[in-house]
There are 4 protein chains.
Amino acid sequence: MAVRRRSRPDATRRSESSRRAILTAAFELVGEVGYPRLSIEGIAARAGVGKQTIYRWWPSKGAVLFDSFLMLSEGTEEGIGKGSLPDTGDLGADLRSVLHATVGELNDPRYDGPMRALTIEIANDPELAALYAERLEEPLRAMKRERLRSAQRAGQLPSDLDLDTAIDLIWAPLFQRWLKRVEPVTLDYADRVAETALRALGATGIGHPRT
Amino acid sequence: MAVRRRSRPDATRRSESSRRAILTAAFELVGEVGYPRLSIEGIAARAGVGKQTIYRWWPSKGAVLFDSFLMLSEGTEEGIGKGSLPDTGDLGADLRSVLHATVGELNDPRYDGPMRALTIEIANDPELAALYAERLEEPLRAMKRERLRSAQRAGQLPSDLDLDTAIDLIWAPLFQRWLKRVEPVTLDYADRVAETALRALGATGIGHPRT
Amino acid sequence: MAVRRRSRPDATRRSESSRRAILTAAFELVGEVGYPRLSIEGIAARAGVGKQTIYRWWPSKGAVLFDSFLMLSEGTEEGIGKGSLPDTGDLGADLRSVLHATVGELNDPRYDGPMRALTIEIANDPELAALYAERLEEPLRAMKRERLRSAQRAGQLPSDLDLDTAIDLIWAPLFQRWLKRVEPVTLDYADRVAETALRALGATGIGHPRT
Amino acid sequence: MAVRRRSRPDATRRSESSRRAILTAAFELVGEVGYPRLSIEGIAARAGVGKQTIYRWWPSKGAVLFDSFLMLSEGTEEGIGKGSLPDTGDLGADLRSVLHATVGELNDPRYDGPMRALTIEIANDPELAALYAERLEEPLRAMKRERLRSAQRAGQLPSDLDLDTAIDLIWAPLFQRWLKRVEPVTLDYADRVAETALRALGATGIGHPRT
DNA sequence: TGGTAACCGAGACGGTACGTCGGGTCTTGAC
DNA sequence: GTCAAGACCCGACGTACCGTCTCGGTTACCA
């Protein structure tokens, strides 16, 4: 017989409407007031929910934020892990188009706030970081890995290339520039990163942006 | 006659001992309790200083943290902008040695906490971000740029290479991995990044790590 | 056809075991943790009962407390309204013996807590106060009135004496002293009150405590 | 050398205006919403004060209430311990006039709420009870004792009468009836108590109320 | 003897208040 | 005019209970 000292919340009785209201409110609020002024009280008030309902189901403010991202991505057909990167045969062009989309998101004020907040929570909470890596980062990375592998098969990339390092080389510069606001993240910068990285990776026979 | 309603702090009367005590306390505390539990009250108490003395001289918690980093780097002969990257003529070897030092810092618990805190403050505060870019990032970047330029002169890198993009390609992956804790930042990873990046950058005649 | 939107509790289906568990738990708890920390949740948990079962049958915390007193007194053969005060013919001696019993209860920690709690609820809730007056106070008062009337018949008290005022004169000082904890309620004090009151009431030919 | 582990609030810096605002708000609020709905939050909000300012200076809700009574009585020239009971030589008349004033207060809705609240706090908190006994009860009792002593000197009361018991006999019934709301506390009841008590106390040559 | 209506335990829910922490401002007295 | 000290107003923290509600499971009456 299983013994439970302290009764855990009974997920079967969970209110789905409250859950959605909380996640929506969290996402909206962090976009409006920014991370430092985001509060559990504020989320609860905006969602029309008791604070306890948040504390009952999430261990931290970061976990709420994380779930609000998950909800968002699940609602999209372009969502996390649901699709694949474009593969026209032209690695350079495909990469540029994907990076342009990324640049667009990074510059969209609706995403900038929430993404900064989540990044910060992740930077502070190893547990959340692991969850993030597994549920959000890895599915995306798998899509990227697959596209590069396809390029390897087409002979456009060396077959002995370390794909994970390659992915980091391409995407990390964008995120760093965005996070630290050194300079604005422009389409031009994305192109430069893509081109330089591909050269570095030993790509051959790939298209180059029109200059 | 100039009228000043509210008196501005008179820097000439500033207590140097209080300043040092505050910066030291801030740096130590953020390392001990982490960013989320770092408080102005805590810094003031640890420094044996009134809260007002902090508010008088710094506009935000992040600014204190920032100055505590500046103070640290000024105390070192290896400090920011004071020296230059090693230049033995072997770009690959030099890069590896520099990255190994960086990996060492990223994994040092004494720096991990404070650096995360500062990174977070920067991510939230554009003004601080600008200051950071100017006072900490740019001097380091200048040293990196100089080393790469030297490699160009030696014919080890293409002369038309965009050095700033190149720098991002090399260093961003390390910081990204450190910040998000996807996986530990190892010396091996640093080597892989350096090698891949250099290949990408079209480096020729450079040394490779012994395998 | 009668329409009842909300069904009223059907007393015939009431669980007697739950009722007793609740009343017992309430009485015990208030004795253990005191009135301010007594909670419906606590009572329900201790009684192994759902909160709703309490709310279904009692309108307020005070009502539960009140019933737990009723239950207690019904369980005693010396219970409320079930007997009569001793009548040996010696009014003074009888009074002292009754007051001594009262003093004993007031100083018994098992009763002190619950009685304070009930007194407080009564002080705040006029409805409960009326119920208390009718169900607990009045039966006791009838017994006291009867004993004094017997003394009147025996010529020990003036026949025109207002018995209710007399009762107040005798018992109120004890309860006030107990409630306000001015000084401990001692047997000696009870004797002093009895003697003084009887003198005041014009008692004649009554026994006096051995001095 | 005196050692203070935790720094106690520095009373010299205490804000007198906040103190008065808190005490006034507490007194008013308890009269308006009653004891069970009186909250520290409510007092702070009404007083325009931070909650911490209340917690800094008072250990409990009851202590605030107590001080609000003290403040009230200090503001009156008829205040606690500041005067004496009327002494016209006619003990019966004097007693009736004092009791009539008491009855007036007990029936005044402005005092009923606060007094119930304070009584309840006292009933629950022995420390507060001691403070109450010393600062509010005893000064009043001294005045009463003095008046009765004067009657003894005038030969209207037996010289061996226990004055404290006598005081209880006279005043406890009134408070008891008020607290438990058995029946309304009327002037007539006060007269009956006074007359009966005086008779009991062996008073001679005292005036009686006109019937 | 099978419905069905009300009970029951359990506990999630929207709320209010708790007592504490820390934010940033302001005041006091020492220097 | 700076400094240490700390009171002040304020907002948020995470917790405890409030009183209402909904969920399955279990009597107990009725058809």
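By convention in this document, chain letters (A, B, ...) are assigned in the order of the sequence lines, proteins followed by strands, and residues within each chain are numbered from 1.
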Axis deviation across the helix from dT1(E)-dA31(F) to dC31(E)-dG1(F), five-pair ends, to the nearest 10°: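 The two end axes of the helix from dT1(E)-dA31(F) to dC31(E)-dG1(F) meet at 10°.
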Sequence neighbours left out, what passes side chain to side chain contact (heavy atoms under 4.5 Å, CB included) with D67(B)? Give chain and number order.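 Here the qualifying residues are L23(B), W58(B), L70(B).
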Residue-level proximity of residues 116-123 of chain A to DNA chain F when a heavy atom falls under 4.0 Å: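 Residues of residues 116-123 of chain A that come under 4.0 Å of DNA chain F do not exist, since none gets that close.
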Check each residue of residues 50-62 of chain A for a non-hydrogen atom within less than 4.0 Å of any atom in DNA chain F, then write out the ones that pass by number, or none.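 Within residues 50-62 of chain A, the residues near DNA chain F are K51(A), Q52(A), Y55(A).
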Can you tell if the side chain of [X] reaches within under 4.5 Å of the side chain of [Y], non-hydrogen atoms only?
| X | Y | value |
| --- | --- | --- |
| R14(A) | W57(A) | yes |
| M71(B) | F27(B) | no |
| M115(C) | F69(C) | yes |
| D125(C) | F66(C) | no |
| K61(A) | Y35(A) | yes |

Crowding at [atom1], [X] (>12 non-hydrogen neighbours, <6.0 Å):
| X | atom1 | result |
| --- | --- | --- |
| E127(D) | CD | no |
| R110(D) | CZ | no |
| R20(D) | CZ | no |

Of all of residues 34-48 of chain C, which get a heavy atom below 4.0 angstrom from DNA chain E, listed by number?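 Heavy-atom contacts with DNA chain E come from G48(C).
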If I compare all heavy atoms of [X] with all of [Y], which pair ends up nearest, and what's the gap?
| X | Y | value |
| --- | --- | --- |
| S39(C) | G42(C) | OG-N, 2.9 Å |
| G62(B) | L118(B) | O-CD1, 4.3 Å |
| L65(C) | A26(C) | CD1-O, 4.3 Å |
| G50(A) | A44(A) | C-CB, 4.3 Å |

Provide a list of protein-nucleic acid N or O atom pairs under 3.5 angstrom, restricted to nucleotides 28-31 of chain E.
from, atom 1, to, atom 2, distance (Å)
dT28(E), O4', R13(D), NH1, 3.1
dT28(E), O2, R13(D), NH1, 3.1
dT28(E), O2, R13(D), NH2, 3.0

When the distance from CZ of R14(D) to C1' of dT27(E) is rounded to whole Å, what number comes out?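 The answer, rounded to whole Å, is 17 Å.
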Protein-nucleotide distance (I22(C), atom CD1; dC7(E), atom P), rounded to Å: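 Going from CD1 in I22(C) over to P in dC7(E) covers 13 Å.
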Base, sugar-phosphate or nothing for T12(A)? Non-hydrogen atoms, less than 4.0 Å.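 Contact class for T12(A): none.
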Atom CG in L38(C), atom CD in E28(C): separation rounded to 0.5 Å?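 Here the interatomic distance stands at 12.0 Å.
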Could you tell me the separation between the CG atom of L29(C) and the CZ atom of R46(C), rounded to the nearest 0.5 Å?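 L29(C) CG to R46(C) CZ: 4.0 Å, rounded to 0.5 Å.
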Between S15(C) and dT27(F), is there a side-chain N or O to OP1/OP2 distance below 4.0 Å?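 Answer is no, no contact under 4.0 Å.
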